[in-house]
Amino acid sequence: MAQVHFEKIALIGIGLIGSSLARVIRREGLAGHIAIATRSAETLKRAEELGLGDSYTTDNAEAVKGADLVIVSVPVGSSGLVAQEIAGSLKDGAIVSDVGSTKASVIAQMQPEMPANVHFIPGHPIAGTEYSGPDAGFAELFTGRWCILTPLPETNEQAIAKLAAFWEACGSRVDRMDPQHHDLVLAIVSHLPHLIAYNIVGTANDLEQVTKSEVIKYSASGFRDFTRLASSDPTMWRDVCLNNKDAILEMLGRFSEDLASLQRLIRWGDGDALFDLFTRTRAVRRGIIEAGQEVDAPDFGRQSATLSKGGERP
Ligand code: NAP
């Protein structure tokens, strides 16, 4: 693997993703100096207590001064504001990237603010957990997980290669994608599953014939697996829905149609069709395990994932 080192890396936002980056950057010696910026004094203080960086500020512009690499790890709805704040302080030739779960909207917000003398390369590590804040991060979060870069056509190839090498040094495998395609793919593999989880947990919570204590008591029969996704950060997921509206609506439309077909199969008692569908979907999980994106352990790998604090989702 190519050696990668930056004199100064600035991390804007020090929640789950930002603090995981801080930890892996330190562990792998990827930077001479880690500058940390976040919005609130409270989160900043916690980052300092955890010793995540070398300098700390609530002034995003201050943090990026002299940085060779800037990574913005804030909810996607705030990326435009951060871009405006840092634009005037970026070093000539700096690489500016982000980790946002949507790409076209982040590009629309950040790109117009970026000065011509920096390399803006959007990115998205497909790794995460349902937890947030600086305490939630861990250095192994990106190990074996994909990181998708969505560079704009005119972007300098050397800068892209350097950012790709950085993510590889963090343990990731790197892919490149068109931003619109990224948003469509993530709508089905991440955004729709979260919306289904939020919806089913909301439905169960509203039920009147089944008590809330029964829902909790018997949750191991399936419901519990949805509650993990449905406990994800509300700000992050509000912003994802508002910033990937078209792709999410497209996938929700398909999902609703397929759900209606499933409803019909049950009404007509079409056991063969139900069996065929469930057989087909079982093979999908096998493929995910074979691709190394899940462990084939009892309890859906949850216990081993918790033990290793291994991340499972984007
Ligand atoms: P998080 O744990 O909630 O942390 C968000 C951080 O952003 C906090 O430090 C927050 O600061 C900071 N922040 C918010 N607005 C800011 C601003 N205007 N200026 C500076 N800092 C600001 O969130 P996360 O899970 O790390 O997610 C960060 C990004 O990663 C999001 O875009 C998300 O879509 C993406 N992502 C998340 C996951 C996941 O599973 N969680 C996976 C892949 C990508 P304060 O606490 O000081 O307010």
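Indexing begins at 1, ligand by ligand and atom by atom, following the structure's order. As the structure is a prediction and not an experimental result, all values here were calculated from the model. In what follows, every heavy atom counts, from backbone to side chain, and hydrogens, waters and symmetry copies are set aside.
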message = With nothing but distance in play, are any N or O atoms of Gly128 less than 3.5 Å from an N or O of ligand 1?
response = no
ask   = Checking Lys45 against Tyr56: charged group under 6.0 Å from the ring centre and within 45 degrees of the axis?
value = no
request  = Report the relative orientation of the aromatic rings in His194 and Trp237; use parallel for angles under 30°, tilted for 30 to 60°, perpendicular for over 60°.
outcome  = parallel
ask   = Do any nitrogen or oxygen atoms of Ile12 come within less than 3.5 Å of a nitrogen or oxygen of ligand 1?
value = no
inquiry  = Need the ligand 1 atom indices (1-based, order shown) with element for anything under 4.0 Å from a heavy-atom of Val76.
reply    = 32 (O)
query = Counting heavy atoms only, which of Pro234, Cys147, Ser101 is nearest atom 34 (O) of ligand 1?
reply = Ser101
query = Side chain or backbone of Leu44 under 4.0 Å from ligand 1, or both, or neither, by non-hydrogen atoms?
reply = neither
query = Does some non-hydrogen atom of Ser20 fall short of 4.0 Å from ligand 1?
reply = no
request  = Please determine if Glu85 has a nitrogen or oxygen closer than 3.5 Å to a nitrogen or oxygen of ligand 1.
outcome  = no
query = Any salt bridge between Arg26 and Asp54, counting N to O under 4.0 Å?
reply = yes
query = Counting N and O atoms only, with roles assigned by atom type, does the side chain of Glu62 sit under 3.5 Å from a partner on the main chain of Ala37, one being a donor and the other an acceptor?
reply = no
request  = Please determine if Ala37 has a nitrogen or oxygen closer than 3.5 Å to a nitrogen or oxygen of ligand 1.
outcome  = no
request  = Please confirm whether the backbone N or O of Thr102 pairs with a side-chain atom of Asp183, one donor and one acceptor, at under 3.5 Å?
outcome  = no
ask   = So is there a nitrogen or oxygen of Ile14 less than 3.5 Å from a nitrogen or oxygen in ligand 1?
value = yes
inquiry  = Would Gly133 count as being in polar contact with ligand 1, using the rule that some N or O on each side must be under 3.5 angstrom apart?
reply    = yes
request  = Please check if atom CZ in Arg27 has more than 12 non-hydrogen atoms from other residues, nucleotides or ligands closer than 6.0 Å.
outcome  = yes
note = Given the options Lys8, His33, Lys91, Asp68 meets side-chain hydrogen bond (donor to acceptor under 3.5 Å, both in side chains) only with Lys91
inquiry  = Below 3.5 Å, N or O to N or O, backbone or side chain included: is there any such pair between Thr38 and ligand 1?
reply    = yes
inquiry  = Does ligand 1 come near enough to His124 that some N or O of the ligand is less than 3.5 Å from an N or O of the residue?
reply    = no
